[in-house]
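Here the structure comes first, spelled out in structure tokens, and everything after it is commentary.
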There are 2 protein chains.
Amino acid sequence: MAQDDYHHGNLRQALLDAGEKLLEAEGVEGLSMRALARATGVSHAAPYRHFADKAELLAALAARGFARLAEALGAVAAAQLDDPQREYLVACRRYIELGMEAPAMYRLMFGQQQPGVGDQPELAEAGHAAFDALLGAMARGRAAGTLGNVSTEAQAMAVWSMVHGITELAISGRLAPCWQSPLEVLAFGERMCALLLSGLGGAKAGN
Amino acid sequence: MAQDDYHHGNLRQALLDAGEKLLEAEGVEGLSMRALARATGVSHAAPYRHFADKAELLAALAARGFARLAEALGAVAAAQLDDPQREYLVACRRYIELGMEAPAMYRLMFGQQQPGVGDQPELAEAGHAAFDALLGAMARGRAAGTLGNVSTEAQAMAVWSMVHGITELAISGRLAPCWQSPLEVLAFGERMCALLLSGLGGAKAGN
DNA sequence: AAAAAATGTTGACGCTGTCTACATGAAAAA
DNA sequence: TTTTTCATGTAGACAGCGTCAACATTTTTT
């Protein structure tokens, strides 16, 4: 159970922990299999006992990111704010905030093509969970009556597109000409999401 | 002037041409300096006479992408549609369309941190030109009166965030649960941009 | 206690980005 | 025209990377 200097005990988790740390410290281009092996004090080929290749490790890392996102959005829901519209806005804000706090991780999460069904089920599921959390916040937040002819899922996609776009642009520094501080960006994001919610009820058609 | 088997003549452009081709064919991970040298029939170190390192070449490639985007949006404006609001929507649609047509290039364009002033002036300028084209379409498209207390630039950022988010999610296949075909995605994008335009006049505050 | 499975190590391979030293051709200076 | 200089090519080396095969050690199962 203690480390016996040969078998590590829980290398898989250790690799992911080190990976997360290295990811934000050095960026995704500094995240190598061998660096991870070094960071966990293990030989350079040892990680391959736990991940078939680098892509699989990155997928597992991205899945962690999605899990964290889902968790954060879930925490907002659990906070039981009195106003569901306020809850929705806080969720959107939290989404953007998380992306700005861990930009390399955020990029990694969306960097790969969405994994097919059989491909990376862990990642796909984690991504879905995060999306569902956002969808839930939106569904509760919008005026209860305004379902219109637009599916809830489509409305959630609209919100997702908005917060994703803002997060990505913020990360790459392209929002800086208008809003320098993270707080300003968050305020902008919140306004946009509010606008979206009020507009989503009627104006859209199809699906 | 003809190729003398030693001096290539215009290696820089040839490298960028080959790079663009290779980018969409193999993805960004298949785009190596040496592969580019091979593709242009030149030794592996020759590219370094024209680009200090790989990052510089990628930046030049991304600048090309932005130039193409600006050009496409400019073409929409030049088409002189009678209805400026229609022109705005067509521009948004075209933006998303371009990203979906050349996903690897689109990702590359936004993959790096926005270059600082002295860093990659060519890239920065190309990016600005593209943004300005989008801004112009929006400014003409919105009801002439509704300036409100929101700056034109901030409104353009909102539109940019929207189309960028949609494009990125579409590229990564995450819109597929709702809209399978590119045409459906484009229709969705157009609806969202219309919604944004109508909402931007009044609801937003700040900056 | 023996066999099997899981998990580690070592060493190799080809590929990559990039550097240095050298070669060649074109343009500028003499 | 000849010579020098400069831009641009080549060859070869280096370290780091992902990955594989062969082997070692520990744990688990029989």
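Every chain is numbered from 1 and lettered A, B, ... according to where its sequence line falls, protein lines coming before strand lines.
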statement: ring pair (Phe, Tyr, Trp, His ring centres under 6.0 Å) filter on A/F51, not counting sequence neighbours, yields none

- request: Please list, chain by chain and in numerical order, all residues satisfying salt bridge (Lys or Arg N to Asp or Glu O under 4.0 Å) with A/E122, sequence neighbours excluded.
  value: A/R12

Compile the donor-acceptor pairs under 3.5 Å between side chains in residues 59-66 of chain B and protein atoms, sequence neighbours left out, one pair per line.
residue: B/R64; atom: NH1; partner: B/D17; partner atom: OD1; Å: 2.9
residue: B/R64; atom: NH1; partner: B/E20; partner atom: OE1; Å: 2.7
residue: B/R64; atom: NH2; partner: B/Q13; partner atom: OE1; Å: 3.2
residue: B/R64; atom: NH2; partner: B/D17; partner atom: OD1; Å: 2.9

message: According to side-chain hydrogen bond (donor to acceptor under 3.5 Å, both in side chains), who are the partners of B/E190, at least two apart in sequence or on a separate chain?
response: B/R86, B/R93

Interatomic distance where CD belongs to A/E56 and P belongs to D/dT19 [whole Å]: 10 Å

message: Once salt bridge (Lys or Arg N to Asp or Glu O under 4.0 Å) is applied, what residue pairs with a partner in residues 162-175 of chain B remain, sequence neighbours excluded?
response: B/R107-B/E168

Run the side-chain donor-acceptor check on residues 124-134 of chain A: report pairs under 3.5 Å with partners two or more places apart or on a different chain.
residue: A/H128; atom: ND1; partner: A/A124; partner atom: O; Å: 3.4

task: Take the protein atom CG of B/L57 and the nucleotide atom C1' of C/dG17, then report the distance between them rounded to whole Å.
output: 12 Å

- prompt: Is the A/Y95 ring parallel, tilted or perpendicular to the A/Y106 ring (thresholds 30°, 60°)?
  reply: perpendicular

task: Check DNA chain C against residues 16-35 of chain B and give the residues with a non-hydrogen atom under 4.0 Å, in numerical order.
output: B/S32, B/M33, B/R34

task: Scan residues 50-62 of chain B for pairs that pass salt bridge (Lys or Arg N to Asp or Glu O under 4.0 Å), counting only residues two or more places apart or in two chains.
output: none

Rounded to 10 degrees, the angle between the two terminal axes of the helix from C/dA1-D/dT30 to C/dA30-D/dT1, each from five pairs: 0°

Would you be so kind as to tabulate the donor-acceptor pairs closer than 3.5 Å made by side chains of residues 29-37 of chain B, with sequence neighbours excluded?
residue: B/S32; atom: OG; partner: B/A35; partner atom: N; Å: 2.9

query: Taking only N and O in the side chain of A/R38, is any of them less than 4.0 Å away from OP1 or OP2 of D/dC17?
result: yes

query: Are B/R68 and B/E71 within salt-bridge range, i.e. N to O under 4.0 Å?
result: no

message: For A/Y88, give me all partners under ring pair (Phe, Tyr, Trp, His ring centres under 6.0 Å), at least two apart in sequence or on another chain.
response: none

- prompt: Using a heavy-atom distance cut-off of less than 4.0 Å, which residues of residues 44-55 of chain B contact DNA chain C?
  reply: B/H44, B/A45, B/Y48, B/R49, B/D53, B/K54

query: Can you tell me how far P of D/dT8 sits from CG of B/L15, to the nearest Å?
result: 12 Å

- prompt: Atom CG of A/L36 and atom C1' of D/dT19: how far apart are they, to the nearest Å?
  reply: 15 Å

